[in-house]
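What follows is one structure encoded as structure tokens, with my remarks underneath.
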Amino acid sequence: MPSPAPPPHPARVLVVGSGGREHALAWAIARSPLVSEVIVAPGNGGTAREAKCRNVPVQVYDIDGLVALASQAGVDVTVIGPEDALAAGLADALRAAGHAVFGPSREAARIESSKGWARAFMVRYGIPCPVFATAANVDDALRAVAEMGGRCVVKADGLAVGKGVVVCDDAAAAEAAVRTMMEDGAFGPAGAHVVVEERMEGPELSVMAICDGHTYRLLPPAQDHKRVGEGDTGPNTGGMGAYAPAPIATPELMARIEATIIAPALDGLRADGHPFTGCLYAGLMLTGDAPHYAPRVVEFNARFGDPETQVQLPLVQSDVALLFALAAAGRLADAPFELAPGAAACVVLACPGYPGPVTTGATVVGLDVAAERADIKVFHAGTRIEVAGTDAVRTSGGRALGVTGVGPNVIEALRTTYAAIGPDGVHFDDMVVRHDIGWRALTDAIGDSVDGVEVGDGVDAAGRHSGVDTDDTDLGAGEGV
Ligand code: GLY
């Protein structure tokens, strides 16, 4: 009998990207005792300060530069964050150069990078999704809008930096969206084709699977808050906060999501000749009535979510670097995979003006105090170190920071998180913060008012709740963060 292959030793890991998602990835990977260095390309102000992490100024679109970096630095495994790098074939280029990669091939990443391809794939494999039509010209698109009765969703087929989806109340809005994408070229080639879809209603849920091409492990299901304003109002954003595990995701519902969505998608990609290695993100709408929701796919993404990663990875107790290295080697079945009890919540602090043009350059206050706390972790996205060699952090872009707190349940995690934000905690001038992250968890699963947390206004303008003892939970097996 041949002896089993030894486990990989991911001593040096490359993380590609510069957002909060990549800070969370780098932080979680760096906690592994197997890891001596995490190289982040290009990274941000948070990864620059993180233990064992080193930023290297190679951009995510520089495929040759990233392959050269992986080779020169002797990287053991590369973890790719952003979808545009995946769609451009970064994982393929790294694999062709002999590197282990946690991230799907360009063909497998089409599940995110072409909305029309993804919908046809879902139909082919019986994965529940809305009624839709793909269109290559304005006339066909407007015909589809009329057939849907005007109220519909118009999506640019390709990647459009998260802005290519327009949810329309009526035919006029849908026509405007179609013309903006197809005639005005608002998203360039990404909008040359559009998908017109039935507008689904219901709570949303993000389900992420760590995949090795054959098998998968689920991260705790999360709920995101995409609108900038409280009560889910105002323009869409990249996400203003998240929590996991979402109480709405009962074991029975998760079993149905696995059986009808996750497993068929991975089996279908493999059957098509494009096995998926990486994080498969199913963005779901829970249609129908509680508790017998009918989950349908809003979209698949070929990557981790942001900010969802900032609440999911703190809940993974096992060695994340080993998990990714074994998945990259097609050996996920050999990976220990244990989730921590309890919950995590993340609240995003965005620059003034977000999601429009923002004002940057504000000094971030309170990071050192937060760093002393075992139940709080601040992930950076749009920050920079102002003066090399100092710790002074300034805002540099839209969603500057994500503050994550953990607790025995979602309510306590939210209390901990909000208590760490504000004049006595992490803050910067004129930051944009939603004070109602988690309202859906409270109303959907628990009730309108829970133990002094009034939904929608239970947190004051500074983001403070009354103190709650959360000493029994922390973010890192005794390490502190
Ligand atoms: N939080 C939404 C996304 O990552 O696409």
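All ligand and atom numbering here is 1-based and tracks the order in the structure. It should be emphasised that the depicted structure is a prediction, and the values quoted were computed from it without experimental measurement.
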Between NZ on residue Lys52 and CH2 on residue Trp27, distance to nearest 0.5 Å: 12.5 Å
What atoms of ligand 1 come within less than 4.0 Å of a heavy atom belonging to Gly238? 1 (N), 2 (C)
Test of proximity, Asp224 against ligand 1: N or O pairs below 3.5 Å: yes
For Glu258 and Tyr216, what are the C-alpha separation, side-chain angles and deciding distance, and is it a side-chain hydrogen bond (donor to acceptor under 3.5 Å, both in side chains)? CA-CA 10 Å; Glu258 286 191 64; Tyr216 67 89; 2.5 Å; yes
For ligand 1, which atoms have a heavy atom of Gly305 less than 4.0 angstrom away? 4 (O)
Heavy-atom contacts under 4.0 Å between Arg21 and ligand 1: side chain, backbone, both, or neither? neither
Can you tell me which residue and heavy atom of the protein come closest to atom 4 (O) of ligand 1, and the distance to 0.1 Å? Asp306 N, 2.9 Å
Which atoms form the tightest heavy-atom contact between Ile376 and Thr417, and what is the distance? CD1-CA, 4.0 Å
Take the angle between the ring planes of Phe102 and Phe324 and call it parallel below 30°, perpendicular above 60°, tilted in between. parallel
Distance, nearest 0.5 Å, that separates OG1 of Thr47 from CD of Glu22: 9.0 Å
Have a look at Lys155 and tell me which of Glu197, Glu112, Glu198 forms a salt bridge (charged side-chain N to carboxylate O under 4.0 Å, His left out) with it. Glu197
Need the ligand 1 atom indices (1-based, order shown) with element for anything under 4.0 Å from a heavy-atom of Tyr281. 1 (N), 2 (C), 3 (C), 4 (O), 5 (O)
Contact partition for Arg303 relative to ligand 1, non-hydrogen atoms under 4.0 Å: side chain
Going by the order shown, which atoms of ligand 1 are within less than 4.0 Å of some heavy atom of Glu308? 1 (N), 2 (C), 4 (O)
